[in-house]
Amino acid sequence: MRTGFVGLGAMGAPMARNLHRAGLLSGVWNRTAAKANELARELGCKAYEDPAKLAADCDIVVVCVSADQDLRDVVAFMRAGLRPGSIVIDCSTVGAATARALHAELASIDVAFLDCPVSGGVEGARQGTLAIMAGGDEPAFRRALPVLEKMGRKIAYLGPSGAGQATKATNQIMCAGIIQAVAEAMAFAKAEGLPLERVIDTLGQGAGSSWYFVNRAPFMARMDFPAGFRVRLHEKDLRICHEMAAARGVRLPVVESTLEEYAALIREGHGDEDISTIYRHKSALFAAGGPGPKS
Ligand code: NAP
């Protein structure tokens with residue numbers, strides 16, 4: 001499986017390194033050529049100047065770029081080189097409609113397109129422990145598995161094109177609701193004068209616990225929100241969720257309220273902090289005092 005990698009950002013570069021360790025990586029391309037040259041020097045693989053040339057040399061091209069239009073641009077750049085029978089694995093987080101459109105477009109030249117968004121962050125990308133949610137044609141998925149397995153630990157086939165992105169959107173909606181609830185509860189606990197570390201330790205074992213409570217409530221207790229899952233990235237993902245729900249004529253309250261909070265946090269200069277920074281707003285509610293009785 002000659003595999004190429006396109007998009008060597010915070011996620012893409014470590015994912016490409018894991019493919020290299022498995023002996024699968026033939027070459028890389030990145031819009032900012034310096035990043036591709038540097039990684040190619042480090043790994044001893046080829047840095048391409050033209051993504052179509054990389055596609056022409058590969059059986060599988062993995063793509064990991066920022067957003068919908070970026071993915072459409074990259075596929076357009078590669079299209080002339082893509083060989084019949086080859087597979088494009090897209091690990092970017094984009095809308096399901098974009099995935100379905102690219103799947104149909106590439107099917108017309110006998111190229112398979114799999115939407116394979118990932119979860120697990122930069123740590124998971126580095127350690128090769130990402131959860132990968134795949135949508136597209138099942139035979140192509142089965143052929144792509146040896147490559148996917150080198151980048152992730154949980155690899156799931158969810159159904160036809162778009163199903164991977166729809167699953168990722170489902171996850172992002174859950175993250176929004178959970179981080180809102182954890183931040184609100186922590187602000188309440190603080191206002192009640194509770195010992196926050198002990199509250200986290202105790203409720204971390206309880207029915208209301210979650211990964212976010214155990215791992216991010218301590219950020220709230222310390223009022224320190226180092227970049228983990230950045231507000232800007234989750235905001236982009238929630239705009240995708242907003243669009244997907246709107247296409248069904250629905251507005252989801254958790255998505256809408258989190259988007260409003262994130263817009264304010266970005267305006268206030270917190271867009272590159274971890275999403276647990278939403279605690280700033282929740283604790284400010286108590287600082288300002290609510291409209292209700294104060295006894
Ligand atoms: P990033 O560090 O900002 O890297 C983005 C990559 O996309 C860069 O290589 C960039 O090239 C390339 N790119 C952007 N627009 C492009 C365009 N129009 N044409 C060609 N290349 C373009 O982002 P990231 O954190 O790696 O995230 C990548 C994707 O993974 C996103 O969809 C994100 O939502 C998703 N994701 C991220 C995380 C996370 O924790 N970071 C977790 C799960 C999923 P340049 O170097 O030239 O800018």
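All residue numbers refer to positions in the sequence shown, counting from 1. We count ligands from 1, going down the list as the structure has it; atoms in each ligand are counted the same way.
- The shortest contact between atom 46 (O) of ligand 1 and any protein heavy atom is with Lys35 NZ, 2.5 Å.
- At a threshold of 4.5 Å between non-hydrogen side-chain atoms, the residues Val231 and Thr277 count as touching.
- You'll find the side chain of Phe141 reaches within 4.5 Å of the side chain of Ile155, heavy atoms only.
- Remark: of the listed residues Glu273, Glu261, Glu268, Glu273 is the sole one forming a salt bridge (charged side-chain N to carboxylate O under 4.0 Å, His left out) with Arg280.
- Protein heavy atom at the shortest distance from atom 47 (O) of ligand 1 is Thr32 OG1, 2.5 Å.
- The atoms of ligand 1 that sit less than 4.0 Å from any heavy atom of Cys64 are 6 (C), 7 (O), 28 (C), 29 (C), 30 (O).
- Taking every non-hydrogen atom of Lys168 and a distance limit under 4.0 Å, the qualifying atoms of ligand 1 come out as 43 (C), 44 (C).
- For the pair Arg230 and ligand 1, the shortest N or O to N or O distance does not fall below 3.5 Å.
- Taking all heavy atoms of Thr93, Val94, Ile240 into account, the minimum distance to atom 35 (C) of ligand 1 is reached by Thr93.
- Side chain of Ser108 to main chain of Glu105: a donor-acceptor pair is present (N/O by atom type, distance under 3.5 Å, no hydrogens or angles).
- Annotation: side chain of Leu148 is in contact with side chain of Ile89 (closest heavy-atom distance under 4.5 Å).
- Atoms of ligand 1 found under 4.0 Å from any heavy atom of Ser92 (numbered from 1 in listed order, with element): 32 (O).
- Counting heavy atoms from C-beta outward, Leu39 and Arg17 have side chains that approach closer than 4.5 Å.
- When the heavy-atom distances from atom 11 (O) of ligand 1 to Val28, Leu8, Val6, Asn30 are ranked, the shortest goes to Asn30.
- Of all atoms in ligand 1, listed by their number and element, those nearer than 4.0 Å to a heavy atom of Gly7 are 9 (O).
- Arg153 has its side chain out of reach of Leu130: every pair of non-hydrogen atoms, C-beta onward, lies at least 4.5 Å apart.
- Inclusion of Arg31 in the set of residues having an N or O under 3.5 Å from an N or O of ligand 1 is warranted.
- Considering backbone and side-chain N/O atoms, Ala10 comes within less than 3.5 Å of an N/O atom of ligand 1.
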Validation: residues 116-123 side-chain donor-acceptor distances under 3.5 Å, sequence neighbours left out:
{"unit_1": "Glu123", "atom_1": "OE1", "unit_2": "Gln127", "atom_2": "NE2", "d": "3.1"}
{"unit_1": "Glu123", "atom_1": "OE2", "unit_2": "Arg126", "atom_2": "NH1", "d": "2.6"}

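- Of all atoms in ligand 1, listed by their number and element, those nearer than 4.0 Å to a heavy atom of Val74 are 19 (N), 20 (C).
- If you check each of Arg72, Met11, Lys236 against atom 34 (O) of ligand 1, the one with the closest non-hydrogen atom is Lys236.
- Other cluster members for Val61: Val6, Trp29, Tyr48, Leu54, Val63, Val65, Leu71, Val74, Val75, Phe77, Met78, Leu82, Val88, Val94, Leu102, Leu106, Ile109, Val111, Phe113, joined by side-chain heavy-atom distances under 4.5 Å among Ile, Leu, Val, Met, Phe, Trp and Tyr.
- Between Gly121 and ligand 1, a contact under 3.5 Å exists for no N or O pair.
- Nearest non-hydrogen protein atom to atom 4 (O) of ligand 1 is Gly9 CA, 3.3 Å.
- Comparing heavy-atom distances from atom 31 (C) of ligand 1 across Val65, Asp68, Leu233 singles out Val65 as nearest.
- Looking only at protein heavy atoms, the nearest one to atom 32 (O) of ligand 1 is Ser66 O, 2.8 Å.
- Of the charged side-chain nitrogens involved, none lies within less than 4.0 Å of a carboxylate oxygen, so that Arg2 and Asp57 do not count as a salt-bridged pair.
- Which parts of ligand 1 touch Asp70 is read off a 4.0 Å heavy-atom cut-off, strictly below it: atoms 15 (N), 16 (C), 17 (C), 18 (N).
- Using a 4.5 Å heavy-atom cutoff, the side chains of Lys150 and Met15 are not in contact.
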